[in-house]
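Accompanying notes for the structure given below.
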Protein chains: 2
Amino acid sequence: MALTLKAMTYFTTALRHGNIAKAAAELNIAASAISAAIDQVEAEFDLTLVTRQRARGIQANASGRAVARKCIRLLDDYQSLLSEGGELKQSLSGTLRIGYYAPIAPAFLPQIFDAFLPEGTNVTLELEECDNDQAQDGLMNGKYDAILFVAEDARPAIAYDPLIEAHPYCLLPVAHPLARQSVVSMADLAQEPLVVLNRPVAAAYYDGLFRTGARDAPVAAYATSTEMVRSLVAAGRGCAILNMCPRTSETYSGEKVVARPISDDLAPLTLAVGYDKTRPRRSVQDFVNACRSHFAKSGPARCVVGR
Amino acid sequence: MALTLKAMTYFTTALRHGNIAKAAAELNIAASAISAAIDQVEAEFDLTLVTRQRARGIQANASGRAVARKCIRLLDDYQSLLSEGGELKQSLSGTLRIGYYAPIAPAFLPQIFDAFLPEGTNVTLELEECDNDQAQDGLMNGKYDAILFVAEDARPAIAYDPLIEAHPYCLLPVAHPLARQSVVSMADLAQEPLVVLNRPVAAAYYDGLFRTGARDAPVAAYATSTEMVRSLVAAGRGCAILNMCPRTSETYSGEKVVARPISDDLAPLTLAVGYDKTRPRRSVQDFVNACRSHFAKSGPARCVVGR
DNA sequence: AAACAACATCAGAAAATCAGAGGTATCGAT
DNA sequence: ATCGATACCTCTGATTTTCTGATGTTGTTT
């Protein structure tokens with residue numbers, strides 16, 4: 001690897017000028033460095049490529065010109081490698097891979113994408129629903145560019161921006177008596193059968209919520225998907241406590257549910273976006289920014305139920 | 001130019017192994033060098049390309065794999081540049097450009113080419129007739145790979161191998177009285193009209209030859225080509241003194257000439273092959289060798305007239 | 001002959017590279 | 001839970017490479 005890109009650059013520049021001194025001036029280095037580079041190239045091929053005529057500059061012979069052509073080609077390829085690499089960082093094109101532990105992400109993610117992906121950008125989205133740990137694994141090993149996850153369960157190595165604190169709320173069938181209240185309390189719920197979202201982080205969280213308040217009624221159902229929880233609630237199976245909520249009150253089953261804030265001071269869950277903060281690709285950074293500004297606004301698009 | 005070929009090599013090797021230590025072993029360098037190279041590549045693109053998981057090696061993310069692909073491509077191109085360069089030196093293919101100041105070169109060059117160019121080699125010959133100075137210029141500035149020229153007029157910078165000493169001989173019409181002698185002397189020629197080859201080096205040389213011996217007869221003709229001299233001689237215009245001679249006694253005019261050695265001790269001209277001795281391409285070296293062995297043999301193929 | 005232009009060479013300085021030691025995180029087995 | 005193996009990171013000093021600037025040489029031009 002004696003023939004470095006630098007040597008090739010010097011070599012081709014010198015040939016282009018036909019003059020070592022001029023090349024040195026252009027490259028802002030000493031002429032001797034150019035001369036040495038030419039020596040290197042010749043040594044590498046063990047060929048005389050250039051005739052050096054004192055007081056008349058240098059001139060490449062046929063072999064020299066052939067080598068120079070190839071070198072120029074390689075340097076061009078190198079430049080395009082660099083700029084393509086730059087585009088990897090700069091451009092919005094490419095693939096944006098997002099893992100999310102946020103079952104109601106469909107409620108807001110499309111809107112976020114709309115905000116930072118103008119029409120015509122050819123970004124391919126890869127969206128993968130997963131649990132909090134998988135998301136963090138995926139972020140660390142490069143599977144995901146960014147993750148939406150619950151910050152309370154964040155590992156120290158994960159860099160993230162909090163997006164929103166989602167306080168738990170109560171999901172009720174429309175016909176439920178509590179639905180007539182604008183706010184419900186944990187005490188209100190003590191008698192209610194519950195439909196519990198049984199997902200890694202969520203299960204422990206809900207468990208924590210109820211450890212304080214006494215529970216009389218049994219758990220009516222465990223479900224591993226948010227929509228199942230919602231549909232069970234809509235069908236009157238019980239109430240549920242959730243943190244984020246879609247923008248529709250209608251469930252897959254066609255029936256409706258009602259969301260009511262909880263008056264008790266319960267620990268919220270923080271939705272956060274995790275990503276590589278040290279060197280984010282532009283599209284990743286844009287996505288993060290879009291997430292932040294999305295949740296910075298108030299309104300139903302934030303998918304939380306305020307007290 | 002922070003991203004060197006070396007760094008790319010280390011980077012791609014590390015990714016291929018998914019393991020810095022293994023890559024270091026393969027490349028016979030310290031692991032820290034690999035790690036530094038990866039840092040360099042990432043810094044160059046200002047992107048995280050690799051996730052380093054202690055005790056589990058390294059893993060490229062999508063960007064890393066993309067960059068690696070491009071790097072591998074570039075390194076391949078680099079390798080082929082090197083090997084093509086090697087072929088420039090090694091192979092017999094390519095172009096062999098020869099300038100010659102030897103008007104009778106057609107008498108022997110084809111035979112020389114036969115000797116070192118086996119059938120099927122795709123060497124393109126570029127043969128250019130020129131004068132001694134042009135030949136040397138062309139050799140120095142890379143226009144010619146090798147030159148056939150007169151060594152007496154060689155510049156110090158030109159490296160050459162003498163091929164043959166060509167003593168002057170006398171060219172006579174077949175019907176000329178002197179043609180009956182097996183040898184002629186300068187004195188014999190003093191009375192004869194001369195046909196003089198009027199070419200840069202030759203003119204001075206012949207001038208020198210006659211400065212010593214007295215000349216009575218005028219110069220019958222000056223001609224700038226050997227064949228014209230021969231034809232003029234054949235036509236009886238006069239005699240000529242030349243150094244090398246073709247293998248035919250017939251001239252373009254269809255008439256014949258006779259060559260006779262000169263008994264006087266006159267300075268010969270040395271036919272030499274000039275070339276770049278420091279780094280000859282293989283085909284050039286082969287050509288030179290073929291020239292030497294051609295003129296090392298005795299016989300009419302040497303194109304001289306012996307006493 | 002003198003002035004000028006341009007490459008060659010060399011020594012020392014600056015920079016890059018590398019090896020090796022020591023440290024730390026992770027995983028798996030005990 | 002602890003220990004050992006693995007594998008990456010960081011730091012330091014040595015080595016190698018590269019560069020500069022001065023000086024020398026050569027060839028051209030006036």
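Lettering of chains follows the sequences in order, A, B, ..., and the numbering in each one begins at 1. All values derive from a computational prediction rather than experimental measurement.
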Rounded to the Å, how far apart are [X] [atom1] and [N] [atom2]?
| X | N | atom1 | atom2 | value |
| --- | --- | --- | --- | --- |
| A/Gln40 | D/dC19 | CD | C1' | 12 Å |
| B/Ile20 | C/dA19 | CD1 | P | 14 Å |
| B/Ile34 | D/dT10 | CD1 | P | 16 Å |
| B/Ile58 | D/dT6 | CD1 | C1' | 14 Å |
| B/Asn19 | D/dA7 | CG | C1' | 7 Å |
| B/Ile29 | C/dT17 | CD1 | C1' | 10 Å |
| A/Met140 | D/dC8 | CE | P | 16 Å |
| A/Arg155 | C/dT26 | CZ | P | 10 Å |

>> Looking at B/Thr13, is its backbone amide N or carbonyl O close enough to the side chain of B/Glu26 to form a donor-acceptor pair, meaning the two atoms are under 3.5 Å apart?
In response: no
> Within the side chain of B/Tyr205, is there an N or O that forms a donor-acceptor pair under 3.5 Å with the backbone of B/Ala267?
Replying inline: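 Yes; judged by distance alone, with no hydrogens or angles, the pair exists.
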Quick check on [N]: is either OP1 or OP2 less than 4.0 Å from any side-chain nitrogen or oxygen of [X]?
| X | N | answer |
| --- | --- | --- |
| B/Arg56 | D/dA7 | no |
| B/Asn28 | C/dC18 | no |
| A/Tyr10 | D/dC19 | yes |
| A/Ser32 | D/dC19 | no |
| A/Gln53 | D/dT28 | no |
| B/Lys6 | C/dC18 | yes |

> Counting any heavy atom closer than 4.0 Å, what does B/Ala21 reach on the DNA or RNA strands: base, sugar-phosphate only, or nothing?
Replying inline: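 Sugar-phosphate contact only.
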What are the two closest non-hydrogen atoms of [X] and [Y], and how far apart are they?
| X | Y | value |
| --- | --- | --- |
| B/Tyr101 | B/Asp131 | CD1-CA, 3.4 Å |
| A/Gly64 | A/Leu15 | O-CD1, 4.0 Å |
| B/Ala68 | B/Thr12 | O-CG2, 4.0 Å |

>> On DNA chain D, does the nearest nucleotide to B/Asp39 precede the nearest nucleotide to B/Ala157 from the 5' side, or the other way round? Give the residue.
In response: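 Comparing both residues, the 5'-ward one is B/Asp39.
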>> Looking only at the side chain of B/Ala30 (C-beta and beyond, no hydrogens), which of the listed nucleotides C/dG20, D/dT18, C/dC7 gets closest?
In response: C/dG20
